[in-house]
Amino acid sequence: MGRYLVTAAWPYVNHVPHLGTLIGSILSADIYARYLRLRGHEVVFVSGSDEHGTPIELEARKKGVHPKDLTDQVHEYNLKLWRAYRISFSNYTRTESKVHKEFVIEFMKKLEENGYIFSQEEVLPYCERDKTFLPDRFVEGTCPYCGFERARGDQCDNCGRLLHPTELKNPRCALCGSKPVYKTTRHWFIDLRRIQDRLLKWLRDHRELPENVKKFSLNWVSQGLRPRSITRDTSWGVPAPFKGAEGKTIYVWFDALLGYISATKEYFMKSEGDSEKWREWWWNREVKTLYFIGKDNIPFHAIIFPAMLMASGDPYVLPWRISATEYLMYEGQQFSKSRRIGVWIDEALEIAPADYWRWALARMRPEARDTNFTWKEFYRIVNSELNDDIGNFVHRVLTLIKNRLDGEVPEVRSLADEDKKFVEMVLSEARKAMEELDVIKIKAATDHILEVARAGNRFLNERQPWKLLAEDEEAGRSALYAALWAVKTLAHLLAPFTPDAAERLWSMLGMEGSVHEAIWDEWLDKPPKPGSKIGRVEPLFTKLPANFLERIDAVIDEARVKAATKRPPLIRE
RNA sequence: AGCGGGGUAGGGUAGCCUGGCAGCCCGCGGGGCUCAUAACCCCGAGGUCGGUGGUUCAAAUCCACCCCCCGCUACCA
C-alpha cells in the first residue's frame, strides 16, 4: 500500500469549464484517484479554482463587479458541478482561500531568503483609460509583417509571427481601444538559472515521466532557463511579500501551482484539525505525486513547479508522474468560450447523466493526439457500448438468474471446463485493465472492460444456458454462475468510470457494502457468493433516443436554456 | 522560424521504442440465435500505413528530406 497525491490542473474560473477541461484534467484525475483507492492505496486528491489573473479581473470589470464577486459565484457553481459529476476530491479549494494565500506568501518569502528572487525595472504597455498595465496579448494592432489588423501583442493570429507589442502599428488597448503608453515599473523575478543543473539532472534521471513531457522539458531546460517574472501590477491576487513590492501581486501561475500544496494543507486542517500533517505528504519521498494536465501546461508542471520546490530548500517530493493529454476538439473546432463553440459541462448534464459523460469522455480521452468530440461518436458510445455491450449483457445474465433460478446465485460444485476457461479469460482482461491503468492508459483500460462484456455476450450465445438448464441443470447452473462472475467483475471494473452505475449493479448483485470499498486485490478474484439473492433487476443504462442525432441542435438549445437558468447571475448569458 | 507531439480502411484507434503476413471497435453487405435493452453472435467487403528517397532478404516500424494538423516559445491561463 502506498501514498498517492493526485492533482488536477486548476480550472480558470472566468467561466464554466467545458468538456475538454473535464477530461483533460479533473475527470482523468478522478478516475485515477478512484482506481488507486480501489487498489487499497491511501489517496489525497486535490484541485481548486484558479481565480486570479488579468482575464478574470477584466471580465469582472466588464460586468461592473469586483473580481471576487465573479469568482465566488463560479467557484460555488463549479463545486456543485463536481459533485454532480461524482468527482471524488479530498479537497477542492480556491486560490482566494486564506490557507492558500498565506502559504504562497510564506513560500515566496522563503525563495527570497534563499536568494532566488531579484527585482528589475521594465517598461511595459499601460492603458491610461483603464488604469492598468496590459499583458502583451491585450495590446492589439496591425501586424508589421502581414498587415493583419487584429494582431495581438504577443503573436499575429493571421501569419503566426511572434511579436512584441512595440512592433504593432496603430497599437490599441484590447479593452477600450485607446492607445497604450509605455511606463516603467519594477518586477520581481525568480532566477531559474540557478536551478537549471539540478532540474536537468532530475529530468534526465526521471523514469516515470511520459516521453512527450520528458523530451519537451529536457529540450527546454537544456536551451537554458531565463529568469521569470513572478509579480504583476494589479491588486487582484496574492500580495507579493517582497521588500519594495507593496501593491503588487504574485503572477497567477506561481500562485496557482502552489495550490496543490496549500490544498493538501487545508485538507488536513479541515479533516483532522492538523495544520502540520501536510508535510507528511509533501515532505516525504515515499509519497507519489501525480499531475493531470493538458498539453499546454507541460512547462509549468515539469519545469517551473519542480524548480520552485527545489528553490524552497525544503524536502518537497518532486512530481512522480505528469499525465498530459492532447486537446479535445468539438466537431472539428477548438472549444471557444468567446465564439460559443462547444458544450459546457453543466449543459452536458442536461443531455445525459454524469456516468454517460464519464464513460464517453474516458473513451475519447486524447491520449496520443487531438481527438474530435462528435455527437455521432457520443451517441455510438452511449448506445452501443454502454447499453448494447455492457448494459444488455448484465441484463441478460441477471434476468436469466431471476427467471430461471429464482433469483438465487446457484451453488455449483465445480465449474465445467468451458465455464472455467471463460472466467479465467474475464479475470485476465481485468488484470490487463489494471496494467493499463498502472501506466495511466485510461482509454486502453476501457477496451478491456468492453472486452469482458463482449466476451460475456459471446459466451452466452455459445453456451446458451437457457437451453442447458433444460437439458442438464448442473451444466446450466455452472454456465450462469460463470456469467454472473463476469458481471461481478464488470461492477468492479466500472467503479472508477461509472461510479453510480457500478454501485447500482453491486446492489442488483445482492452484494453488501459499497463497490467503491471493495478493494480489487482482495475482491476481484472472489467468486459470487452462492445462495445470495439477486436484487431488483433493471437496465443499468438507457439509450439516447433514436432521433437524438437528427434533433441534436434542438437538444443542445434546450440544454443551454435549462443550464442557463441554474447558473449564477454573473455567468448567465 | 525553433522545439515537442501527431498523420494507419468512411469514422475512431492499436502496432512504431525492440523491423517479419496491418490488429480491434463502429458503420456497411450476408447469415445465425431468441435468454436479453429493436439486443446478441458468426462470416465477408473495405488499407498505395501523409509524401519522396534511402538502409535491409524484409519497413507502418530504422535513417534523410518534404507536406499537413495541434501545442509551446518565457507577460493568456
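Every chain is numbered from 1 and lettered A, B, ... according to where its sequence line falls, protein lines coming before strand lines.
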Engineer: For the ring pair Trp253(A) and Phe300(A), is the centre-to-centre distance below 6.0 Å?
Structural biologist: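 Ring centres of Phe300(A) and Trp253(A) closer than 6.0 Å.
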Engineer: Atom NZ of Lys443(A) to atom C1' of rU13(B): distance rounded to whole Å?
Structural biologist: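 That distance rounds to 7 Å.
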Engineer: Can a cation-pi geometry be assigned to Arg194(A) and Tyr116(A), taking NZ or CZ under 6.0 Å from the six-membered ring centre and within 45° of the ring axis?
Structural biologist: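 Output yes; distance and angle both within limits.
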Engineer: Rounding to an integer number of angstrom, what distance separates rG31(B) and rC24(B) when you compare their P atoms?
Structural biologist: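 The answer is 23 Å between these two P atoms.
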Engineer: Determine the interatomic distance between C1' on rC49(B) and the same-named atom on rA60(B); round to the nearest Å.
Structural biologist: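 Roughly 5 Å separates the two C1' atoms.
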Engineer: Are Tyr126(A) and Tyr182(A) an aromatic pair by the rule of ring centers under 6.0 Å?
Structural biologist: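 So the answer is no for these two rings.
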Engineer: Measure from the side-chain heavy atoms of Trp466(A) and tell me the nearest of rC40(B), rU34(B), rG4(B).
Structural biologist: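 In terms of side-chain proximity for Trp466(A), the closest of rC40(B), rU34(B), rG4(B) is rU34(B).
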Engineer: Would you kindly check if the NZ (Lys) or CZ (Arg) of Arg358(A) is within the cone defined by 45 degrees around the ring axis of Phe497(A) and under 6.0 Å from the six-membered ring centre?
Structural biologist: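 The answer is no; the distance or angle limit is not met.
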Engineer: What residues form a side-chain contact (heavy atoms from CB on, under 4.5 Å) with Glu408(A), not counting sequence neighbours?
Structural biologist: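 In terms of side-chain contact (heavy atoms from CB on, under 4.5 Å), with neighbours along the sequence ignored, Glu408(A) is linked to Lys533(A).
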Engineer: Which is more 5' along RNA chain B, the nucleotide nearest Ala453(A) or the one nearest Lys376(A)? Just name the residue.
Structural biologist: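 Nearer the 5' end of the strand: Lys376(A).
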Engineer: Starting at atom CD1 of Ile401(A), determine the distance to atom C1' of rC35(B), rounded to an integer number of angstrom.
Structural biologist: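 Checked: the CD1 to C1' distance equals 11 Å.
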Engineer: For rG20(B) versus rC62(B), give the span between their P atoms, rounded off to a whole number of Å.
Structural biologist: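 Rounded to whole Å, the distance is 11 Å.
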Engineer: How long is the line joining CG of Leu218(A) and P of rG5(B), in whole Å?
Structural biologist: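 Whole-Å distance recorded here is 12 Å.
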Engineer: Atom NZ of Lys543(A) and atom C1' of rU37(B): how far apart are they, to the nearest Å?
Structural biologist: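 Rounded to whole Å, this separation is 6 Å.
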Engineer: I'd like the C1' distance from rG29(B) over to rC66(B), given in whole Å.
Structural biologist: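 These two C1' atoms come out 40 Å apart once rounded.
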Engineer: Using a distance-only test with no angle check, is there a side-chain donor-acceptor pair under 3.5 angstrom linking Glu121(A) and Thr185(A)?
Structural biologist: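 Per modelled atom types, Glu121(A) and Thr185(A) side chains form no pair under 3.5 Å.
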Engineer: Go through the structure and list residues passing side chain to side chain donor-acceptor pair (under 3.5 Å) with Arg396(A), not counting sequence neighbours.
Structural biologist: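 Partners of Arg396(A) by the side chain to side chain donor-acceptor pair (under 3.5 Å) criterion, ordered by chain and then number, come out as Asn457(A), Asn461(A).
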Engineer: Mind checking ring pair (Phe, Tyr, Trp, His ring centres under 6.0 Å) for Phe459(A) and listing every partner two or more places apart, or none if nothing turns up?
Structural biologist: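 Once residues adjacent in sequence are excluded, the partners of Phe459(A) under the ring pair (Phe, Tyr, Trp, His ring centres under 6.0 Å) criterion are Phe422(A).
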Engineer: Give me the distance, rounded to whole Å, that separates rA9(B) from rG15(B) when you measure between the C1' atoms they each carry.
Structural biologist: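 One C1' to the other, the span is 16 Å.
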Engineer: Specify the residue among Val397(A) and Met364(A) whose closest nucleotide of RNA chain B lies further upstream toward the 5′ end.
Structural biologist: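 Taking each residue's closest nucleotide, the earlier one in sequence belongs to Met364(A).
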Engineer: Scan Phe541(A) against the nucleic acid and name what it touches under 4.0 Å (heavy atoms): base, sugar-phosphate only, or nothing.
Structural biologist: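 Since a base atom lies under 4.0 Å of Phe541(A), the category is base.
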Engineer: Which is true for Asn392(A) with a 4.0 Å heavy-atom rule: it touches a base, it touches only sugar-phosphate, or it touches nothing?
Structural biologist: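 Base, at least one base heavy atom under 4.0 Å.
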Engineer: Base contacts versus sugar-phosphate-only contacts with protein, heavy atoms under 4.0 Å: please encode nucleotides 67-77 of chain B as B, S and - from 5' to 3'.
Structural biologist: ---BBSBBBBB
Engineer: Only counting residues at least two apart or in another chain, list the ones meeting salt bridge (charged side-chain N to carboxylate O under 4.0 Å, His left out) with Glu128(A).
Structural biologist: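 Partners of Glu128(A) under the salt bridge (charged side-chain N to carboxylate O under 4.0 Å, His left out) test: none.
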Engineer: Just call it for Thr371(A): base, sugar-phosphate, or nothing, with non-hydrogen atoms closer than 4.0 Å on any strand.
Structural biologist: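 It contacts sugar-phosphate atoms only.
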Engineer: Can you sort out the partners of Phe216(A) under ring pair (Phe, Tyr, Trp, His ring centres under 6.0 Å), two or more places apart, ordered by chain and number?
Structural biologist: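 Expected list: Trp220(A).
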Engineer: May I ask you to say what Leu398(A) touches in the nucleic acid, namely base, sugar-phosphate or nothing, with a heavy-atom cut-off under 4.0 Å?
Structural biologist: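 Counting heavy atoms under 4.0 Å across all strands, no contact is made by Leu398(A).
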Engineer: Return the residues of residues 474-486 of chain A meeting this criterion: a heavy atom under 4.0 Å from some atom of RNA chain B. Order them by number, or give none.
Structural biologist: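 Going residue by residue through residues 474-486 of chain A, none turns out to have a heavy atom under 4.0 Å of RNA chain B.
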Engineer: Do Phe335(A) and Tyr327(A) have ring centres separated by under 6.0 Å?
Structural biologist: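 Centroid separation for Phe335(A) and Tyr327(A): 6.0 Å or greater.
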Engineer: Scan Arg161(A) against the nucleic acid and name what it touches under 4.0 Å (heavy atoms): base, sugar-phosphate only, or nothing.
Structural biologist: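 The answer is nothing, as Arg161(A) stays clear of every strand by at least 4.0 Å.
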Engineer: If we take the C1' atom in both rC63(B) and rC17(B), what is their distance in whole Å?
Structural biologist: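 Each nucleotide's C1' atom is 15 Å from the other's.
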Engineer: Could you pull out all residues at least two apart from Tyr92(A) that satisfy ring pair (Phe, Tyr, Trp, His ring centres under 6.0 Å)?
Structural biologist: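 In terms of ring pair (Phe, Tyr, Trp, His ring centres under 6.0 Å), with neighbours along the sequence ignored, Tyr92(A) is linked to His75(A), Trp82(A), Phe89(A).
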Engineer: Does the protein touch nucleotides 25-32 of chain B at the base, only the backbone, or not at all? Give it as B, S and - per nucleotide, heavy atoms under 4.0 Å.
Structural biologist: SS-----B
Engineer: Rounding to an integer number of Å, can you tell me how far Lys214(A) NZ sits from rC17(B) P?
Structural biologist: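 Computing the Lys214(A):NZ to rC17(B):P distance gives 18 Å.
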Engineer: Glu462(A) CD to rU34(B) P: how many Å, rounded?
Structural biologist: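 So the two atoms are 15 Å apart, to the nearest Å.
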Engineer: Going by salt bridge (charged side-chain N to carboxylate O under 4.0 Å, His left out), name the residues that satisfy it together with Asp233(A), two or more places apart in sequence or in a different chain.
Structural biologist: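 Once residues adjacent in sequence are excluded, the partners of Asp233(A) under the salt bridge (charged side-chain N to carboxylate O under 4.0 Å, His left out) criterion are Lys248(A).
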Engineer: Could I get the full list of side chain to side chain donor-acceptor pair (under 3.5 Å) partners for Thr7(A), not counting sequence neighbours?
Structural biologist: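 Not a single residue meets the side chain to side chain donor-acceptor pair (under 3.5 Å) criterion with Thr7(A).
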Engineer: When you compare rC16(B) with rU61(B), how far apart are their C1' atoms, in angstrom units rounded to a whole number?
Structural biologist: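 Taking atom C1' in both rC16(B) and rU61(B), they lie 4 Å apart.
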Engineer: Expressed in angstrom and rounded to an integer, what is the separation of Leu544(A) atom CG from rA38(B) atom P?
Structural biologist: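 So the two atoms are 15 Å apart, to the nearest Å.
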Engineer: Among side-chain atoms of Tyr260(A) and His301(A), is any donor-acceptor pair under 3.5 angstrom?
Structural biologist: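 Looking only at side-chain atoms, His301(A) and Tyr260(A) do form a donor-acceptor pair, the distance falling under 3.5 Å.
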Engineer: So if I take every side-chain heavy atom of Lys467(A) and compare against rG15(B), rU34(B), rG4(B), which nucleotide ends up nearest?
Structural biologist: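 The answer is rU34(B).
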Engineer: Output the pairing pattern of RNA chain B as a dot-bracket string, 5' first, Watson-Crick or G-U wobble with both distances under 3.5 Å, | for cross-strand pairs, [ ] for crossing pairs.
Structural biologist: ((((((((.[[[[.)....(..]]]].(((((.......))))).....[[[[[..)....]]]]])))))))....
Engineer: Please give the distance between the C1' atoms of rC57(B) and rA14(B) as a whole number of Å.
Structural biologist: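 Nearest-Å result for rC57(B) against rA14(B) at atom C1': 28 Å.
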Engineer: Between atom CG in Leu328(A) and atom P in rG6(B), what is the gap in whole Å?
Structural biologist: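 Checked: the CG to P distance equals 18 Å.
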Engineer: Between the base of rU37(B) and the side chain of Asn387(A), is there a donor-acceptor distance below 3.5 Å?
Structural biologist: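 Per atom types, the contact qualifies.
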Engineer: Testing Arg363(A), Lys432(A), Lys441(A), Arg365(A) one by one against Asp447(A) for a salt bridge (charged side-chain N to carboxylate O under 4.0 Å, His left out), which residue passes?
Structural biologist: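 That would be Arg363(A); it is the only one of Arg363(A), Lys432(A), Lys441(A), Arg365(A) passing the salt bridge (charged side-chain N to carboxylate O under 4.0 Å, His left out) with Asp447(A).
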